[in-house]
Number of protein chains: 2
Amino acid sequence: MAYFHPSRPSPYMPQRKRLTLKDLAAEIDVHYSTVSRVMNPATRHLVAEDVAARVLAVAEARGFSPNRIAAGLRTQRSGLIGVVLPDIANPVFPPILAGIEVVLAQQGYVPIVVNAGSDKGRQRFVIDQLLGRQVEGLVLATAEREDPVLEYCLARHVPVVTVNRGEGSGSVSSVVSDSVRAMQLTVDHLMELGHRRIGHIAGPASLSTGYLRREGFIQAVRRHRLRRADWHVVEASSYSRNAGRVACAQLMTVFPALTAIAAANDLVAMGCYDYLREQGLRCPDDISVIGHNDMPFVDALTPPLTTIRIAVHEMGEEAARLLLRKISKPASDPVTVQLQPHLIVRGSTAAPRMA
Amino acid sequence: MAYFHPSRPSPYMPQRKRLTLKDLAAEIDVHYSTVSRVMNPATRHLVAEDVAARVLAVAEARGFSPNRIAAGLRTQRSGLIGVVLPDIANPVFPPILAGIEVVLAQQGYVPIVVNAGSDKGRQRFVIDQLLGRQVEGLVLATAEREDPVLEYCLARHVPVVTVNRGEGSGSVSSVVSDSVRAMQLTVDHLMELGHRRIGHIAGPASLSTGYLRREGFIQAVRRHRLRRADWHVVEASSYSRNAGRVACAQLMTVFPALTAIAAANDLVAMGCYDYLREQGLRCPDDISVIGHNDMPFVDALTPPLTTIRIAVHEMGEEAARLLLRKISKPASDPVTVQLQPHLIVRGSTAAPRMA
DNA sequence: CTGAAAGCGCTTACAG
DNA sequence: CTGAAAGCGCTTACAG
């Protein structure tokens, strides 16, 4: 296993040497510990007002700000949080990230974001790097229902929270959107429009979202007393447009009588659009399609996609809050926060054609 | 001005105390400087092979990795790069970020990403935070043609590179897509289809992209010898869908005879779609529209958007490379790297209706 | 090849 | 209210 090491110190001066407490202290003719006390608002009151004012003035003039790394070494708090993403190009993540960042910034923390893909070995490697950089906690958007990486973090006693996706054991805090409720909304909407033969393209069952949306779908169709022959589930190999296209083809083959498709997410729904268009079928005239997530710009598709809006920004905020709480109270129990999803009705769902 | 300070040390143990060189050394019964030499591949050869092997084995078993923060303090290299984004929700940035991260990771660096909006004061604040955290350099995606923040960075001798957007002075390295060339491609394409009355919705002139795409447009229509009455430019107030809609309305009012619109980016082009639809006009039948950037999923719009693809991921990679070079050779001159854009013809452009 | 020592820039008990 | 000192966890000249 490879550890990272800083390369040997550079033979040049990378930039004008940054000012230190000592430099400033020399200039003002006080001890540098006094400067330190002034620079920190929490200890500023320990210093005489006029001295503090002088220090502040010089600091401002010289553009001095204390070295947080050195401070972190001393205080054992880096102020760094690691954020591990499976794929930052997936449009769900940027707003989650933005939410995380806002809350962290309020507490003087800053995120280190890494794109780790979905390989567990790589994720673990990346987490080791992050730990080597003394992150105080981790937000994982990569969680699976059974996740060795999560266990690894637990074993190392790193504060962790999972975002968007949950895990099975209940031993780590999670912030997720309520998938079961979302599928209830989805199926209710479709039934209300008059659909009685409904297909679901599920996400991977290894992910909580894939698993729970499927469970929610099944619960919902049962609650509506649909006969077993009148609903069907097919699993997409991944949350992608192409996997959605493939799964849609499969679903239509095994269940040609369906009039509506509930897709596990918007990317999958876009794959359905692709397949239907290829087949010369029209949405919603021939088949209704409903997505999940309300990704940016799905309202600009033709037809505009009916979908489930999840509270992405809040999800990030809440995850950051939970993590910060865990960091300050390590004994606190893991909690799962479920955010409420909303149905957004647009043009891709309509009453089924009369048979 | 507020500086951030770590809060007082927590009264609890945030997690099982992390191992240090000394802990490990005690366990193996060697001096901790020996462990240090072994942990760093570059100095490992200084240690006897059998000792090194023993150290490595124990390190592996105990999951030890050295504290990069402490090392950074000693070596004066944090291994941190600040990345300042105007808005991470804009789909151009995630792939740029991914490109940056890949190259940084190869050199053992890690990015700290901050969403700074477009307010210059806030950007400066955020940069101060980043400098306090000892970032070794900055990638700015927030540059304007005349940018006080850039001057601030220059004055502080921080290695900086600008990505996606350039600046006017030529005193900092930039990686951008060739906007002038892109507009040449755009106008060529439209002319080839037979359009002879073309409008351009420009981006804000304060941004290099807005300015240069407009310049490129004007050069291109002149090269094609379009008379002054046969082209027109309107400036959108921002790179957004709504600003595009508003600007489109304005353009169509002042230049109702146009048959094609070259939009400064895809968001603006989507705003054109919105406006045309409102007016009952059809694209491309009544009006052709061409975008810029080739954002994800614009191929799924109706009609699929003809646009200019820019090399986003490479832009990020190249920016990181340039910055790393500047860090290792501070005296190196600023360079501007222009990446070549490509025309992607889809369904939103067609021959104009015969008048 | 290995150890002992100095020092990176801070914070914070401890004196005075 | 201010200073002097110790120490956070490393790296690396310097001895031996």
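What you see is a predicted model, and the numbers here were worked out from it, not measured in a lab. Proteins get letters first, then strands, A, B, ... in listed order; numbering begins at 1 in each.
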- [ ] Name all residues meeting the salt bridge (charged side-chain N to carboxylate O under 4.0 Å, His left out) criterion together with Arg62(B); count only those two or more places apart in sequence or in a different chain, and write none if there are none.
- [x]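 Expected list: Glu27(B).
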Task: Nucleotide-resolved protein contact map, nucleotides 4-9 of chain C, B/S/- at heavy-atom distance under 4.0 Å - done: B-BBBB
Please state how far atom [atom1] in [X] lies from atom [atom2] in [N], giving the value in whole angstrom units.
{"X": "Arg77(B)", "N": "dT11(D)", "atom1": "CZ", "atom2": "P", "value": "13 Å"}
{"X": "Arg44(A)", "N": "dT2(D)", "atom1": "CZ", "atom2": "P", "value": "14 Å"}
{"X": "Glu49(B)", "N": "dT2(C)", "atom1": "CD", "atom2": "P", "value": "11 Å"}
{"X": "Asp23(B)", "N": "dC10(D)", "atom1": "CG", "atom2": "P", "value": "8 Å"}
{"X": "Leu46(A)", "N": "dT11(C)", "atom1": "CG", "atom2": "P", "value": "13 Å"}
{"X": "Asp50(A)", "N": "dC1(D)", "atom1": "CG", "atom2": "P", "value": "10 Å"}

Task: Partner of Val175(B) by side-chain contact (heavy atoms from CB on, under 4.5 Å), out of Thr162(B), Ile96(B), Leu322(B), Val139(B) - done: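 That would be Leu322(B); it is the only one of Thr162(B), Ile96(B), Leu322(B), Val139(B) passing the side-chain contact (heavy atoms from CB on, under 4.5 Å) with Val175(B).
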Within-4.5 Å side-chain heavy-atom neighbours: [X] and [Y]:
{"X": "Leu138(B)", "Y": "Leu130(B)", "result": "yes"}
{"X": "Val110(A)", "Y": "Leu80(A)", "result": "yes"}
{"X": "Leu104(A)", "Y": "Glu101(A)", "result": "no"}
{"X": "Tyr109(A)", "Y": "Ile327(A)", "result": "yes"}

Task: Any Thr43(A) side-chain nitrogen or oxygen under 4.0 Å from OP1 or OP2 of dT11(C) - done: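 Checking Thr43(A) against dT11(C): no side-chain N or O falls below 4.0 Å of OP1 or OP2.
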Task: Ser36(B) vs dT11(D): side-chain N/O to OP1/OP2 distance below 4.0 Å - done: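 Yes, within the criterion.
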Open item on the list: Tell me whether Arg133(B) is salt-bridged to Asp128(B), with the criterion being a basic N under 4.0 Å from an acidic carboxylate O.
Closed with: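 The answer is no: the pair does not qualify as a salt bridge.
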TODO: Enumerate, in order of first residue number, the stems that involve DNA chain C, defined as 3 or more consecutive Watson-Crick or G-U wobble pairs with both distances under 3.5 Å.
DONE: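 So the stems come out as C:1-3 with D:14-16, C:5-12 with D:5-12, C:14-16 with D:1-3.
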Task: salt bridge (Lys or Arg N to Asp or Glu O under 4.0 Å) between Arg18(B) and Asp23(B), intermediate numbers included - done: CA-CA 9 Å; Arg18(B) 281 177 189 157; Asp23(B) 297 330; over 6 Å; no
Task: Shortest non-hydrogen contact from Phe64(B) toward Leu19(B) - done: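 Nearest heavy atoms, Phe64(B) then Leu19(B): CE1-O, 3.3 Å.
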